[in-house]
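Numbers restart at 1 for each chain; the letters A, B, ... are given by sequence-line order, proteins then strands. Both backbone and side-chain heavy atoms feed into the values below; hydrogens, waters and symmetry mates do not.
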2 protein chains.
Amino acid sequence: MQQSIKLSVDAVVFGYESETISVLLIKRKYEPFKGKWAIPGGFVLDSESLEEAVARELKEETGIKINYLEQLYTFGKPDRDPRKRVVSVAYFGLIKPSAFKLAASTDAEEAQWFSITNLPELSFDHAEILKLAITRLQAKITYEPIGFELLDTKFPFSDLEKLYSSVLGRDIDRRNFRKKMLGLNILDELDEKVSKGSGRPANLFMFNKNRYFKLKKEGIIFEI
Amino acid sequence: MQQSIKLSVDAVVFGYESETISVLLIKRKYEPFKGKWAIPGGFVLDSESLEEAVARELKEETGIKINYLEQLYTFGKPDRDPRKRVVSVAYFGLIKPSAFKLAASTDAEEAQWFSITNLPELSFDHAEILKLAITRLQAKITYEPIGFELLDTKFPFSDLEKLYSSVLGRDIDRRNFRKKMLGLNILDELDEKVSKGSGRPANLFMFNKNRYFKLKKEGIIFEI
DNA sequence: CATACTATGCGTATATTTTACGCTAATATA
DNA sequence: TATATTAGCGTAAAATATACGCATAGTATG
C-alpha cells in the first residue's frame, strides 16, 4: 500500500487557578508557524500506544505529568498541516493546581498557561481542537466528577462551587449546589478547617474515588 | 521521521428492523482472520478526509450509503493488527430500514446483518470497538433524537417506543414516553393512519429536523 | 471591644418534573 | 356480537429542582 499519512497526538491540558480555567500551550520553535502558539503534541512512535505518545510528548514539551487524560477526537482533514498529510489524535487532560507550575527543567522554555478567555492566535487547526475541548469540558463536568482533577486533594466547598461556576460560565446557587453535591455521597468531610481572609472558616472536603466508582458500577448517575 | 504506522477507518453501522438492532459485518477474504467476520473498513487514501474514507469503504464493501455517521473513537494499541502497526479511526453509523437491504451489486457477497444479541466471533479488536459503539448508541439515543435515523420517514408512535425499548434494553412506559416525546415538539403528526394487525390504527408521525435544529441552537436540551 | 462585614452552613416553602397507572377509542378476530 | 389488541388521553402522587431566609463563626474597623 502506498499510504504516506503521518500520525500525531495533541494534548489540550486544562488547569484551574484563581478562579480561572487555563490551557497549556507551547511556542513553536520551527516552521511552519514558527513563533506561534500551539497545543503540545508530536508524532507517535512505532512502538508506543497513543496514550504513551501523548504522555511522552507532554512531558518532553512542558515537563508536566498528567493524571487525567482521555481521548477527545481525531482530526484528519487532508490540508490541516501545510507540509504533509498529518492526522492527529487529540487528547483532553486536567491537572491540579499543585502540579500546575511548569517544570523549568525541560526543553520547554516556551510553555505557558493561557486563560481560555484570553487566547493567543493558534497554529494549524488548533483553535478548532481547543474549541471542541472546551465544549467537552463543560459537558463532562456536569455528568462526571472530573472537577476534582482540577482541585487540590483537600479543598473547601466554595472552591468546588467556584470551579463549576467558571467552567459553566454562569452563577450557581450556593446552597442548592451544596445540597446536591453532598447528596451524591462522593465527598468526605474532613475535620480540618481553612480560613482565607474574612468570613467563617470552611471545612475541608476530599473526593472519595472508591465510593464514586462503586456507585458508578451500580449504575447511579451523577449529574449537576 | 521514520514512522511507519498505517491509518485505517472502520464503520460500525446499526440498523433496526423487526424490533431488533443489528450491525453490519463483512466476512474477511484475506489473511489475517480470513473467513472471520469483521467491521467494514479499510485504509485511508492520502488525498481523502477520514469521513470520505469511511463512506467509500462502506460503499465498496457493503454497497450501503449512510446518512448518519459520526466519529466514535480511535484505536491504536501497537499490537491490534498482527501484521503491522495500524491505527484505526472508528465511526458509528445508523441506517433506516428502507435502505437496510444490502445491495447485491457489489464486492460484498459477504456482507451481512447480525443482531447485536447474537454476534459471531470478530476479527482484530473489533469486539471491543463494537462494544463501545453499543454503549455510545445507548447513551446517545437518550440525549439526541438519533432514533429517527433508524426509522422510516413516516412511522407510527409505537415504532419509536419499541426502538427506544430495544436499544435501552428495558421497558418504557408507553404513556409517559409519548407525553415526553411529543412535549419536545420535534414531531409532526400527519393525517395518515396505518393499521397493522389488530388494534386501533395509529397515526403516522414525522421527525421535524428544522424545528429540532432550531431548538438545539436555542440551547433546549432533549432528554429521555 | 462593640459593631459591621463576610463567607459558611442549614433549612423550608414552592414550582416543576417524573412516575405510576386508570380509562376510553378504534380496529381485527373469534 | 363479544373479546382481544393496540392507540391515545388524563390525573394523582412522588420525587427533584429552585428560590430564598437566616443563624453561625470568623475577620476587619472605628
Which sits closer to the 5' end of DNA chain D, L182(B) or E223(A), going by the nucleotide each is nearest to?
L182(B)

What integer distance in Å separates L184(B):CG from dT17(C):P?
12 Å

Residues Y16(A) and P97(A): closest non-hydrogen pair is O-CG, 3.4 Å

Between the side-chain atoms of K179(A) and the base atoms of dT12(C), is any donor-acceptor pair under 3.5 Å?
yes

Working for salt bridge (charged side-chain N to carboxylate O under 4.0 Å, His left out), residues D173(A) and K180(A)
CA-CA 11 Å; D173(A) 184 279; K180(A) 195 158 181 183; over 6 Å; no

Hey, is the side chain of N176(B) pairing donor to acceptor with the base of dA20(C) inside 3.5 Å?
yes

Once you round it to whole Å, what is the distance between P of dA20(C) and CG of D171(B)?
12 Å

Less than 4.0 Å between a side-chain N and a carboxylate O, is that true for D125(A) and R80(A)?
yes

Would you kindly give the CZ-to-P distance between F157(A) and dA25(D), to the nearest whole Å?
20 Å

For R175(A) and dC22(D), what is the distance between atoms CZ and C1' respectively, to the nearest whole Å?
10 Å

Using 4.0 Å as the upper bound for N to carboxylate O, is an ion pair formed by K196(B) and D159(B)?
yes

Quick one about T117(A) and S115(A) (side-chain donor to acceptor, distance below 3.5 Å, no hydrogens or angles considered), yes or no?
yes

note: I224(A), atom CD1; dT16(D), atom P; distance rounded to Å ~ 14 Å

Report yes if a side-chain nitrogen or oxygen of R178(A) is closer than 4.0 Å to either non-bridging phosphate oxygen (OP1 or OP2) of dC10(C); otherwise report no.
yes

Starting at CZ of F177(A) and ending at P of dA7(C), how long is that distance when rounded to a whole Å?
18 Å

Establish whether the base of dT6(D) is bridged to the side chain of R200(B) by a donor-acceptor pair shorter than 3.5 Å.
no

Any side-chain N or O of S158(B) under 4.0 Å from OP1/OP2 of dA7(D)?
yes

Expressed in angstrom and rounded to an integer, what is the separation of K162(B) atom NZ from dA7(D) atom C1'?
11 Å

Taken to the nearest whole Å, CG/N203(A) to P/dA25(D) is 12 Å

Starting from the 5' end of DNA chain C, give me the residue, K193(A) or S198(A), whose nearest nucleotide shows up first.
S198(A)

Contact class for K180(B) vs. all strands (heavy atom < 4.0 Å): base, sugar-phosphate, or nothing?
sugar-phosphate

Answer with base, sugar-phosphate or nothing: what part of the nucleic acid does D173(B) contact at a heavy-atom distance below 4.0 Å?
base

5'-most contact on DNA chain C (nearest-nucleotide basis), R174(B) vs K196(A), goes to K196(A)

